[in-house]
Visitor: 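Sharing a structure, written as structure tokens. Questions coming.
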Amino acid sequence: MAFAYEALARAYQIAGDEENVQQYKKLAYEAAEDIAKKEDKQVVLNDLASI
């Protein structure tokens, strides 16, 4: 789910909807906590940092 939320946050950023960007970034960070593989978690966290 973290990757899906990250994608939604990025899409809302392109659309200029900052409120939804922040909402989906928050959801993505929360979902990232459930990622078991350290490498996968780091990928999504790096992607989120670039938004």
Side-chain angles (χ1 to χ4, degrees):
M1 287 303 300
F3 289 99
Y5 290 141
E6 179 270 330
L8 285 167
R10 195 170 297 281
Y12 279 116
Q13 182 183 44
I14 291 168
D17 186 341
E18 189 61 30
E19 183 178 332
N20 276 313
V21 170
Q22 295 308 314
Q23 176 185 353
Y24 283 101
K25 277 181 74 172
K26 179 180 183 280
L27 290 170
Y29 277 114
E30 290 171 359
E33 294 301 316
D34 295 332
I35 298 174
K37 291 178 84 176
K38 186 177 180 179
E39 297 83 12
D40 292 342
K41 182 185 274 190
Q42 193 57 53
V43 168
V44 77
L45 292 176
N46 289 343
D47 287 348
L48 286 167
S50 72
I51 297 175

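None of these values were measured; they are calculated from a predicted model. In this chain, numbering begins with 1 at the start of the sequence shown.
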Visitor: Rounded to the nearest 0.5 Å, what separates atom CD in Glu30 from atom CE in Met1?
Guide: 11.5 Å
Visitor: Minimum heavy-atom separation for Ala32 and Ala2, please, with both atom names.
Guide: N-CB, 3.7 Å
Visitor: State, yes or no, whether a side-chain contact exists between Gln23 and Leu8 at a heavy-atom distance under 4.5 Å.
Guide: no
Visitor: With rounding to the nearest 0.5 Å, note down the distance linking CD1 in Ile51 to CZ in Arg10.
Guide: 4.5 Å
Visitor: To check you understand the geometry: which heavy-atom pair defines the closest contact between Glu33 and Lys41, and what is its length?
Guide: O-NZ, 3.9 Å
Visitor: Verify the neighbour count for atom CD of Glu19: are there more than 12 heavy atoms of other residues, nucleotides or ligands below 6.0 Å?
Guide: no
Visitor: Restricting to non-hydrogen atoms, name the atom on Glu6 and the atom on Ala28 that form the minimum distance, rounded to 0.1 Å.
Guide: N-CB, 3.9 Å
Visitor: Are the side chains of Val44 and Tyr29 in contact, using a 4.5 Å heavy-atom criterion?
Guide: no
Visitor: Are any non-hydrogen side-chain atoms of Phe3 and Val43 less than 4.5 angstrom apart?
Guide: yes
Visitor: Measure the CD-CD distance between Gln13 and Gln22 for me, rounded to the nearest 0.5 Å.
Guide: 9.5 Å
Visitor: If the plane angle is over 60° it's perpendicular, under 30° parallel, otherwise tilted; pick one for Tyr24 and Tyr5.
Guide: tilted
